[in-house]
Amino acid sequence: EPEVTQTPSHQVTQMGQEVILRCVPISNHLYFYWYRQILGQKVEFLVSFYNNEISEKSEIFDDQFSVERPDGSNFTLKIRSTKLEDSAMYFCASRTGTGTDTQYFGPGTRLTVL
Amino acid sequence: DAKTTQPPSMDCAEGRAANLPCNHSTISGNEYVYWYRQIHSQGPQYIIHGLKNNETNEMASLIITEDRKSSTLILPHATLRDTAVYYCIVRVAGGAGNMLTFGGGTRLMVKP
């Protein structure tokens with residue numbers, strides 16, 4: 001069964017450093033998402049991406065964040081200058097945009113900012 | 001999207017059916033009911049969804065009331081591996097954005 005994959009599974013970085021989290025969505029999916037979950041808190045929406053542009057973003061997704069689909073398979077989330085409060089699990093998700101249109105999630109990347 | 005209300009926690013004995021309720025009294029006619037679960041800190045896992053008819057798949061059954069204001073997710077024979085947080089989410093299908101809004105969910109503890 002096709003699945004969303006994410007790398008790395010765990011990223012440790014120093015405050016102020018740039019990080020790039022990578023996702024490979026399911027191959028025939030057209031809509032892509034990033035969510036995050038701070039330890040012990042709810043899963044929160046960050047951004048949605050369709051047709052090579054952001055379609056929606058939350059208040060969390062400020063100028064420090066950017067997303068890109070650099071080729072036909074990868075979908076990346078970049079945090080330019082990490083803060084301690086960016087420490088969280090980051091989940092990528094994708095959906096087809098047709099039919100039952102279910103969002104499928106990847107296993108997540110645990111980001112630890114020291 | 002309509003809001004949902006779920007009990008914060010439930011227990012279930014292993015091998016018994018787990019019935020997880022969800023209230024969505026402000027659901028619109030074009031909104032689906034989706035269920036996901038999250039085991040520990042893993043990515044949310046899709047379970048099942050429905051519009052107005054009851055649905056069943058290999059994981060669970062979804063019972064939606066006739067007025068669509070509430071639903072119940074049924075895990076017919078719960079195992080220890082079903083211990084997780086279960087989320088009930090209502091949303092329309094399709095559209096460019098259409099993110100999922102997660103609430104607190106129900107923490108299901110399956111006990112031996």
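Here is how names work: the chains are called A, B, and so on, in the same order as the sequence lines, proteins then strands, and each is numbered from 1.
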Look up atom CD in A/Q103 and atom CZ in B/R91, then write down how far apart they are to the nearest 0.5 Å. 5.5 Å

Around atom CG of A/D63, are there more than 12 heavy atoms from other residues, nucleotides or ligands closer than 6.0 Å? no

Over 12 foreign heavy atoms within 6.0 Å of CZ, B/R107: no

Rounded to the nearest 0.5 Å, what's the gap from OG on B/S41 to CD on A/Q37? Could you check?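 Here the interatomic distance stands at 6.0 Å.
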
Separation between NZ of A/K42 and OH of B/Y87, rounded to the nearest 0.5 Å: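 OH of B/Y87 is found 9.5 Å from NZ of A/K42.
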
Is it true that B/F102 and A/F45 have ring centroids separated by less than 6.0 Å? no

Considering residues, nucleotides and ligands other than A/E59, do more than 12 of their heavy atoms fall under 6.0 Å from its CD?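 At most 12 heavy atoms, drawn from other residues, nucleotides or ligands, come within 6.0 Å of this atom.
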
So with a 6.0 Å cut-off around NZ of A/K83, is the heavy-atom count from everything else above 12? yes

Out of curiosity, B/Y36 OH to A/F105 CZ, how far, rounded to the nearest 0.5 Å? 5.5 Å

Measure the OH-CG distance between A/Y33 and B/L100 for me, rounded to the nearest 0.5 Å. 7.5 Å

I need the residue from A/P107, A/G108, A/A93 with the largest number of non-hydrogen atom pairs under 4.5 Å to chain B. A/P107

Out of curiosity, A/F91 CZ to B/Q42 CD, how far, rounded to the nearest 0.5 Å?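 That separation rounds to 8.5 Å.
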
Short side-chain to backbone donor-acceptor contact, A/E56 and B/N98, under 3.5 Å: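 Indeed, once roles are kept as given, a pair shorter than 3.5 Å links the two residues.
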
Report, as yes or no, whether the 6.0 Å neighbourhood of atom NE2 on A/H10 holds more than 12 heavy atoms from other residues, nucleotides or ligands.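 Yes, because the 6.0 Å sphere around NE2 of A/H10 holds more than 12 heavy atoms from other groups.
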
B/Q38 versus chain A, heavy atoms under 4.5 Å apart: side chain, backbone, both or neither? side chain

Does B/R16 have more than 12 heavy atoms from other residues, nucleotides or ligands lying within 6.0 Å of its CZ? no

Any chance CG of A/L84 has more than 12 other-residue heavy atoms, nucleotides or ligands included, within less than 6.0 Å? yes

